[in-house]
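Working notes, structure below.
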Amino acid sequence: MTDDLFELWDIIEKTPPRLRQKKLDELCGDDEALKADVLGCVEMAQSPNVSLDILSLGFSSFVDSYFEPNKLLNKTIGNYTITKYLNNGGMAHVFLAERTDGLLVNQTAVVKVVKPHLIDTYDYSLIDREANIMAQLKSKYIARVTDVGVIAYDALMLPCYIMDYMSNGDIVSFYDFPLCHIDVKVNAIIKVCEALACSHDGEVPYLHADIKPHNILMNHQGDPLLCDFGIAQRAKQVFDQNHKQYAEVYSCGYSSPEINSEQTLNFSSDVYSLALVLYEMLTRLKPPFDIKNNLPSNNIKFAYADVKYKRWIKELDVILIKATQQNPNDRYQSVADFSHDLQDFVNLKYVSSYKNNTVYRFYKYLFLKPVHAFLATAGAISTVAFSVLFLSSVTWVNQQNNNNDFLVELAENYADSYRYGQWGSLSNAITILNKSKADDNLTFKHAMAIGEMAVLVDNRNAAVDAYNIAVNVSDQHNL
């Protein structure tokens, strides 16, 4: 009977708590005494006091520095075998694993194993719940969890789960290259907003509560995926209950001020954290700090394709300041509102949180629809003046369209530089220069800039081609 008891304990210990009773009924039938003994063994094994005896040291002093990742290498969880230690997160150690059941080959995954000293707070029930949250949320920008379980580490059974492996790193490092432009980075955050909206607006709404770069990973298609809903809680529970129980594992650098106060969390807490991630993507400066004294516009270095945003960058300042207000009531109250303003900024539309006065609206209307604005003004002056100026405006508008088309082609080329590589991107830029109908000053400036980029990466052919174009334009038009 003892051997049977230990075999049953081993099976039930590895079964998610919500499924244990059903499993016990299958294995033990009507033997209620045996069921009670098995459950008693499970409870004892999970008791910190038992861990104290087994490890012969204070459980509370078993800090993460004592963890030995090599002890979990080659261990199996589900259909996967752990092959490599990747990194150390706020709550868990992260391992690379390969599928070894023979059914599918060359399949890799990530196994996240809860840190030993956190298993009282972050137990199997919580990690099982996290996996179920991520499975419920139907968004292409939320990471997919494929399995949960426990894994033996010395005398402890550590909760863990398996998720898709994303090899492109976190969102900040992925976009940290010189030719990546403002609209590319902002559009990536808009995708994360879509994932958060799915979480916030579901039938059972969830706060993420731990938004940071390492919880937004990039897949092989270049899309951001939100992961780690470990301390996410149903919205009502967060609004009504004390969230201090998770204080040790909150990422304070990106967390909203109410994390460390008596205030309750709400949806604007996630907005706050996501805005800090965007700020870091744009400026390479890590939080925490007061954005009002470190405005993005003072720290962003404009690339050539970003010129169209230069005169409107103050709008982005206002958006990020509003999203990171210390008082939650002064922030965007929903991630949808935050996303909407970001989309308007990228699309050069009116930004609702900016000073929406008549001068601002007219100036932006003049910029976005110069022909319409010009016609209205000219018509008010006189029909004759309108006729003369209209002809010249058509030429000017056509040239502006050519200039914009030229800048858009360069921007799209630079945005895809991670796919083409630096040399390929420069070669594409030369092609764009050769067929450009942009005005001579703009062509000359970008030809010189591309030549400088080519020299920096030792691409002699591209440098010669770019400088030749610049020289030809200069000679022909006395620039």
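Worth knowing before you read on, the calculation uses all heavy atoms, side chains too, and leaves out hydrogens, waters and symmetry mates. Model, not experiment: these values are computed from the prediction.
- Heavy-atom minimum distance, Ser268 versus Arg331: OG-NH1, 3.2 Å.
- Heavy atoms from other residues, nucleotides or ligands lying under 6.0 Å from NZ of Lys23 number 12 at most.
- Side-chain contact of Ser255 with Tyr272: a donor-acceptor pair under 3.5 Å is absent, judged by distance alone.
- How far CE of Met163 is from CD1 of Ile142: 11.0 Å, rounded to the nearest 0.5 Å.
- Scanning both residues, Ala454 and Ala463, for their nearest heavy atoms gives CB-N, 3.4 Å.
- Within the 3.5 Å criterion, the main-chain N or O of Val335 finds no donor-acceptor partner in the side chain of Ser339.
- Considering Leu86, Asn88, Val111, Val113 in turn, Leu86 is the only one that fulfils the side chain to side chain contact (heavy atoms under 4.5 Å, CB included) rule with Val94.
- Leu158 is listed as a side-chain neighbour of Pro116, based on a closest heavy-atom distance under 4.5 Å.
- The distance from atom CG of Leu282 to atom CD1 of Ile313, rounded to the nearest 0.5 Å, is 7.0 Å.
- Minimum interatomic distance between Cys193 and Leu274 (heavy atoms only, all atoms of both residues): SG-CD2, 3.7 Å.
- With a 6.0 Å radius and a threshold of 12 heavy atoms from other residues, nucleotides or ligands, Glu98 has its CD atom at or below the threshold.
- Of the possible donor and acceptor atoms, one in the side chain of Asn168 sits under 3.5 Å from a partner among the backbone N and O of Asn219.
- Shown here are the salt bridge (charged side-chain N to carboxylate O under 4.0 Å, His left out) partners of Asp330, two or more places apart in sequence or in another chain: there are none.
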Apply side-chain contact (heavy atoms from CB on, under 4.5 Å) to Asp306 and Ile300, showing your working. CA-CA 10 Å; Asp306 283 336; Ile300 294 174; 5.7 Å; no

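- Residue-environment remark: CG (Asn329) exceeds the threshold of 12 foreign heavy atoms within 6.0 Å.
- For the ring pair (Phe, Tyr, Trp, His ring centres under 6.0 Å) test, residues two or more places apart in sequence or in another chain that qualify with Phe345 are Tyr309.
- Considering only heavy atoms from C-beta on, Asp270 comes within 4.5 Å of Leu207 through its side chain.
- For the residue pair Thr431 / Asn434, no side-chain donor-acceptor distance below 3.5 Å is found, with atom types taken as modelled.
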Check the pair Asp465, Ile450 against side-chain contact (heavy atoms from CB on, under 4.5 Å), reporting the backbone distance first and the verdict last. CA-CA 10 Å; Asp465 290 343; Ile450 292 167; over 6 Å; no

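- Residues Met453 and Leu179 meet the side-chain proximity criterion, which asks for heavy atoms closer than 4.5 Å.
- Applying the salt bridge (charged side-chain N to carboxylate O under 4.0 Å, His left out) rule to Asp201 yields no partners; only residues at least two apart in sequence or on another chain are considered.
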side-chain contact (heavy atoms from CB on, under 4.5 Å) between Leu96 and Thr108, intermediate numbers included: CA-CA 7 Å; Leu96 182 67; Thr108 56; 4.2 Å; yes

Using the side chain to side chain donor-acceptor pair (under 3.5 Å) rule, take Ser173 and Asp176 through it: C-alpha gap first, then chi angles, then the decisive distance, then the call. CA-CA 5 Å; Ser173 60; Asp176 186 18; over 6 Å; no

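- The shortest distance between side-chain heavy atoms of Asp183 and Val186 does not fall below 4.5 Å.
- Rounded to the nearest 0.5 angstrom, Tyr141 OH and Ile190 CD1 are separated by 10.5 Å.
- In terms of the side-chain contact (heavy atoms from CB on, under 4.5 Å) criterion, residue partners of Leu217 (sequence neighbours excluded) are, by chain and number, Met166, Asp170, Cys227.
- Considering every non-hydrogen atom in both Gly78 and Asp147, the closest pair reads CA-OD2, 4.2 Å.
- Side chains of Asn187 and Val346 form a contact here, defined as non-hydrogen atoms less than 4.5 Å apart.
- With Tyr153 as the aromatic partner, Lys71 meets the cation-pi criteria of under 6.0 angstrom to the ring centre and within 45 degrees of the ring axis.
- Across all their heavy atoms, Val150 and Ile77 have their closest contact at O-CD1, 3.5 Å.
- Across every non-hydrogen atom of Phe67 and Pro69, the tightest pair is O-CD, 3.4 Å.
- Between Val184 and Tyr175 there is a side-chain heavy-atom pair separated by less than 4.5 Å.
- Residue Ile82 holds its CD1 atom at 11.5 Å from CG of Asn70, rounded to the nearest 0.5 Å.
- Side-chain contact check for Asp25 and Gln21: at least one donor-acceptor pair (N or O, by modelled atom type) lies under 3.5 Å.
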Check the pair Ser353 / Tyr332 against side chain to side chain donor-acceptor pair (under 3.5 Å), numbers first and verdict last. CA-CA 9 Å; Ser353 59; Tyr332 293 101; 3.1 Å; yes

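- With respect to Lys140 and Asp223, no salt bridge is recorded, no charged nitrogen being found less than 4.0 Å from a carboxylate O.
- For Glu194 and Ser139, the side-chain atoms include no donor-acceptor pair closer than 3.5 Å.
- Taking 4.0 Å as the cut-off between side-chain N and carboxylate O, Lys322 and Glu315 do not count as a salt-bridged pair.
- Taking CG of Asn215 as the reference point, atom CD1 of Ile171 lies at 11.5 Å (rounded to 0.5 Å).
- Taking CG from Leu285 and CG from Asn298, the interatomic distance works out to 10.5 Å, rounded to the nearest 0.5 Å.
- Here the side chains of Tyr279 and Met281 are not in contact, with every heavy-atom distance at 4.5 Å or above.
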Between Val148 and Ile162, is a side-chain contact (heavy atoms from CB on, under 4.5 Å) present by the stated rule, with each step listed? CA-CA 6 Å; Val148 293; Ile162 301 172; over 6 Å; no

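- Annotation: ring pair (Phe, Tyr, Trp, His ring centres under 6.0 Å) contacts of His200 (sequence neighbours excluded): Phe267.
- A donor-acceptor pair is defined here as one N or O able to donate and one able to accept, closer than 3.5 Å; such a pair exists between the side chain of Asp317 and the backbone of Ser297.
- Among residues two or more places apart in sequence or in another chain, the salt bridge (charged side-chain N to carboxylate O under 4.0 Å, His left out) test is passed with Glu280 by Lys286.
- A donor-acceptor pair under 3.5 Å is formed between the side chain of Ser273 and the backbone N or O of Tyr254.
- Using cut-offs of 30° and 60° for the angle between ring planes, the His93 and Tyr85 rings count as tilted.
- A 4.5 Å side-chain heavy-atom check between Ile211 and His208 finds at least one atom pair inside the cut-off.
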